[in-house]
Amino acid sequence: MAMSLETPDKIRSLQRKLYCKAKAEPAFRFYVLYDKICREDILSHAYKLARANAGAPGVDGITFEQIDASGLEAWLAGLRDELVTKTYRPDPVRRVMIPKPGGGERPLGIPTIRDRVVQAAAKIVLEPIFEADFEDGAYGYRPAPQRGRCRQGSAPAYVPGLHRCC
């Protein structure tokens, strides 16, 4: 199943608007964002991002293959319905112990796929707002391609396709 991880134009446009509003008015508070997280296109893109990350199933044991086999559109519609009706509740996180390089183990939490999709959808909506607040030289919490810029002469922060308005 070939899926494009490129952010669709409609979502990129929303992100650009959120970024520009946050950058132009730093004191502005975004009170209505939940409806954006529930959008079908955002949930669909969030699923693609989560699927590309792969990973083990959570406590429910459901895999990406099972979701695809049973019908992705119906699965996303059910998740969207839970979000819209505000009946969505995150599942417990599956805890596994993974070995550390120097010996010993550390705990790792594995959320269910539905929780990963909701988390990715929230990130898609919230990231441009927080990105606008970062200082131009702060690279520690930005996506990987931008981290190298601090070594390339401290170029201003830039998210491709996001900063055209300011």
Side-chain angles (χ1 to χ4, degrees), residues 1-23 28-98 105-134 138-147 157 159-163:
M1 172 182 245
M3 288 191 210
S4 172
L5 293 181
E6 185 175 325
T7 304
D9 290 339
K10 191 173 177 183
I11 295 173
R12 180 60 68 194
S13 175
L14 169 67
Q15 289 177 317
R16 193 174 300 114
K17 288 174 187 175
L18 292 170
Y19 174 85
C20 291
K21 183 69 172 177
K23 193 70 169 174
F28 185 80
R29 295 296 160 240
F30 294 85
Y31 291 106
V32 184
L33 294 173
Y34 189 75
D35 64 316
K36 313 293 187 268
I37 293 170
C38 300
R39 281 178 28 179
E40 289 177 29
D41 59 335
I42 289 179
L43 288 172
S44 177
H45 187 60
Y47 177 83
K48 291 174 187 175
L49 294 172
R51 185 151 187 15
N53 241 2
V59 295
D60 61 2
I62 296 174
T63 65
F64 288 104
E65 292 75 22
Q66 290 171 321
I67 293 169
D68 293 340
S70 66
L72 175 59
E73 284 73 25
W75 186 86
L76 284 172
L79 179 58
R80 182 177 185 280
D81 184 57
E82 284 183 55
L83 289 167
V84 169
T85 60
K86 298 186 179 174
T87 59
Y88 167 81
R89 297 291 176 266
D91 293 316
V93 174
R94 183 165 69 103
R95 179 74 61 190
V96 295
M97 299 302 286
I98 60 171
E105 294 181 322
R106 72 175 181 88
L108 177 69
I110 303 174
T112 60
I113 292 172
R114 67 191 279 279
D115 291 345
R116 284 184 241 172
V117 170
V118 173
Q119 290 168 10
K123 179 185 178 286
I124 288 168
V125 173
L126 295 174
E127 187 173 46
I129 296 167
F130 286 96
E131 176 68 27
D133 287 340
F134 279 138
Y139 296 93
Y141 296 100
R142 287 196 166 118
Q146 296 170 358
R147 287 190 207 131
V159 174
L162 196 58
H163 298 225

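All residue numbers in this chain count up from 1 along the given sequence. Only a predicted model underlies this, so the values are computations on that prediction, with no experimental measurement involved.
Taking NZ of Lys10 as the start and NE2 of His45 as the end, the distance is 14.0 Å to the nearest 0.5 Å. Taking CZ from Arg16 and OG1 from Thr7, the interatomic distance works out to 10.5 Å, rounded to the nearest 0.5 Å. To the nearest 0.5 Å, atom CG of residue Leu108 and atom CZ of residue Arg95 are 7.5 Å apart. Rounding to the nearest 0.5 Å gives a distance of 4.5 Å between CD1 of Ile129 and CG of Leu33.
Formation of a donor-acceptor pair under 3.5 Å by the Asp115 side chain with backbone atoms of Pro90 is not found in this model.
The salt bridge (Lys or Arg N to Asp or Glu O under 4.0 Å) search around Asp60 returns none, not counting sequence neighbours. For Phe28, the ring-ring contact (aromatic ring centres under 6.0 Å, His included) criterion is met by Phe30, not counting sequence neighbours. Partners of Ser44 under the side chain to side chain donor-acceptor pair (under 3.5 Å) rule, at least two apart in sequence or in another chain, do not exist in this structure. In this view, Arg80 satisfies the salt bridge (Lys or Arg N to Asp or Glu O under 4.0 Å) rule with no residue, not counting sequence neighbours. With sequence neighbours excluded, the residues forming a side chain to side chain donor-acceptor pair (under 3.5 Å) with Thr85 are Thr87, listed by chain and number. Applying the side chain to side chain contact (heavy atoms under 4.5 Å, CB included) criterion to Ala56, with sequence neighbours excluded, gives Arg94, Ile110. Among residues two or more places apart in sequence or in another chain, the side chain to side chain contact (heavy atoms under 4.5 Å, CB included) test is passed with Ile37 by Ala121, Ala122, Val125. Partners of Glu82 under the salt bridge (Lys or Arg N to Asp or Glu O under 4.0 Å) rule, at least two apart in sequence or in another chain, are Arg114.
Nearest heavy-atom pair, Lys86 versus Arg89, reported as atom, atom and distance to 0.1 Å: O-NH1, 3.4 Å. For Pro57 against Thr63, the heavy-atom pair with the smallest separation is CG-CG2, 4.1 Å. Smallest separation of non-hydrogen atoms from Asp91 and Thr112: OD2-OG1, 3.3 Å. For Ile124 against Gln15, the heavy-atom pair with the smallest separation is O-NE2, 3.1 Å.
Under the ring-ring contact (aromatic ring centres under 6.0 Å, His included) criterion, the residue pairs touching residues 71-95 are Tyr47-Trp75, with sequence neighbours excluded. Listed by first then second residue, pairs satisfying side-chain hydrogen bond (donor to acceptor under 3.5 Å, both in side chains) with a partner in residues 28-40 read Arg39-Asp41, not counting sequence neighbours.
Residues Arg51 and Asp68 have side chains in contact (heavy-atom distance under 4.5 Å, counting atoms from C-beta outward). Put simply, the side chain of Arg116 does not reach to within 4.5 Å of the side chain of Asn53, judged on heavy atoms.
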Test side chain to side chain contact (heavy atoms under 4.5 Å, CB included) applied to Val118 and Leu83, step by step: CA-CA 9 Å; Val118 173; Leu83 289 167; 4.2 Å; yes
